[in-house]
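One structure is given here, and the rest of the page talks about it.
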Amino acid sequence: RPLVLAGIGVAAFTALMLLAWRSADTLLLIFAGILFAVFLEGLTHYLGRVVPLGHGWRLAIVSVLLTALVLGMVGFGGATVAGEAERLGQTLRQQSGTVKSWLDVRGIDTRFLDFGKLKEAASQGGSEAGDDAKSAPRAGGLPSPGTLLSGAGSVLGQASMVAMAVFGAIGNVFIVVVLGLFVAADPRTYRDGLLRFVPPRHRTHAASVADDIGITLRHWLFGQLVVMAAIFVCVWLGLTLVGIDGALILGLQAGLLCFIPTIGALIAGIIIVLACLASGLKGVIAGLAVYLLVQTLESYVLTPFVQKRALDIPPATLFAGQILLGVLFGLWGVALALPLMAVAKVLLDRLYIEDTLGEDAG
């Protein structure tokens, strides 16, 4: 009987891991919704220190204020950000072509950068005779029906891909927001519901661990928002002072990418350098100096000071965990690496180091 029970347990655990692997994107999307719920719950908690109202009223006030803030940013700054983003995109395309030409002159193979040409060549499949027959103009200089249908199909195919990507992103945001609102509206119900799966003799300890996870995520999330805001303001002001065009959008992307440690900072730095190429060598040096100064401030002052209470993990461990989660789960794993590692750290500290080894996690 013990062998049968052990076999059933191993089979059930294997099936559970396989299910989690196959539905990893959905689980990470749910985790993002929980993070948003932690954010709303944290704002509601801090609002309760100054406003003596019930939880529901405080959550409603927080939701209305956040909605007004988002709509205000879109209404007043949306046109400016969109214009700068368009100009920045043109600059990046021009400067990436300049970099490619510079590499070609020095004998470096840059065929991996010809994505547009490869896609165009792939879309021109078929025999030359067939293509010539389809593209040959008819009498009166009008294109053949085959040419019109081929072009329309290509345009519709690209439009459908863009539409699917946009609707997918909007759907993901909608799921995160709705899930976060539901969980933040009554977090104790969901917490107690999960604890009912724990044996009664361990339920008190499990509740303490769950509360520690919530507190850790709250401290990390608000600390990360402070760091992101500081990066945005510092990069924006610094690039504006040295005269770099598109400083607002460059600062915004640097602040947003700061949410993804190490890799996000590298991507933001590359974008800033490419944008500064339009201003010449002095602009590149000035922009790079500003970004390196801000990153030094973030790495050695802001993050250690703000995140000391939430996430005390060595940088090499963070980077290794980020690579592992990125390989396993793709972009979702990279973006949510830090909060996932924060949860893992609490579980290891409370359930293994303290309970199993009997040591102080410190």
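For this chain, numbers begin at 1 and follow the sequence in order.
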Item checked: Derivation and outcome, side chain to side chain contact (heavy atoms under 4.5 Å, CB included), residues L71 and T67 -> CA-CA 6 Å; L71 293 178; T67 303; 4.0 Å; yes
Checklist line | Criterion side chain to side chain contact (heavy atoms under 4.5 Å, CB included) on R218 and Y46, from CA distance to verdict | finding: CA-CA 11 Å; R218 181 196 300 172; Y46 294 132; 3.8 Å; yes
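Put simply, the side chain of P339 does not reach to within 4.5 Å of the side chain of L221, judged on heavy atoms. F31 has its side chain within reach of V343: a pair of non-hydrogen atoms, C-beta onward, lies under 4.5 Å apart. Looking only at side-chain heavy atoms (C-beta outward), L59 and L43 stay at 4.5 Å or farther from each other. At least one side-chain heavy atom of L53 sits less than 4.5 Å from a side-chain heavy atom of I61. Within the 4.5 Å cutoff, the side chain of L297 has no heavy atoms near those of the I231 side chain. The shortest side-chain heavy-atom distance between I34 and I30 falls under the 4.5 Å cut-off.
Follow the hydrophobic side-chain contacts under 4.5 Å out from L340 and you never reach L348; the two are in separate clusters. Hydrophobic clustering keeps V173 apart from L27 (ILVMFWY residues linked when any side-chain heavy atoms are closer than 4.5 Å, directly or through intermediates). Linking ILVMFWY residues whenever their side-chain heavy atoms come closer than 4.5 Å, directly or via other members, places F36 and L256 in the same cluster. Linking Ile, Leu, Val, Met, Phe, Trp and Tyr whenever their side-chain heavy atoms come within less than 4.5 Å leaves I215 and L195 in two separate clusters.
For Q224 (side chain) and C258 (main-chain N/O), a donor-acceptor pair under 3.5 Å exists by modelled atom type. Between the side chain of H55 and the backbone N or O of A184, at least one donor-acceptor pair lies under 3.5 Å. Judged by distance alone, with hydrogens and angles left aside, the side-chain atoms of Y291 form no donor-acceptor pair with the main-chain N or O of I270 at under 3.5 Å. Judged purely by atom type and a 3.5 angstrom limit, R191 has no side-chain atom pairing as donor or acceptor with the backbone of A210.
Taking the six-membered ring wherever Trp is involved, the centroid distance between the rings of W220 and F259 falls below 6.0 Å.
A distance of 6.5 Å separates CD1 of I260 from CD1 of I267, quoted to the nearest 0.5 Å. Atoms CG and CG, from L338 and L35 in turn, are 10.5 Å apart once rounded to the nearest 0.5 Å. Separation of atoms CG (L248) and CD (Q253) is listed at 11.0 Å; rounding is to 0.5 Å.
Across G321 and M341, no two heavy atoms sit closer than the pair CA-SD, 4.0 Å. The minimum heavy-atom distance between R203 and V198, with the atom names listed, is NH2-O, 2.9 Å. Here the shortest heavy-atom pairing between R58 and V51 reads CD-O, 3.9 Å. The two atoms that bring V38 and L217 nearest to each other are CG1-C, 4.0 Å, heavy atoms only. Contact between A32 and W332 at its shortest, heavy atoms only, is CB-CZ3, 4.0 Å. Contact between G251 and V235 at its shortest, heavy atoms only, is CA-CG1, 3.7 Å.
For the pair R196 and D192, the salt-bridge criterion is not met [side-chain N within less than 4.0 Å of a carboxylate O].
Sparse packing is recorded around CZ of F182, with 12 or fewer heavy atoms of other residues, nucleotides or ligands lying under 6.0 Å away.
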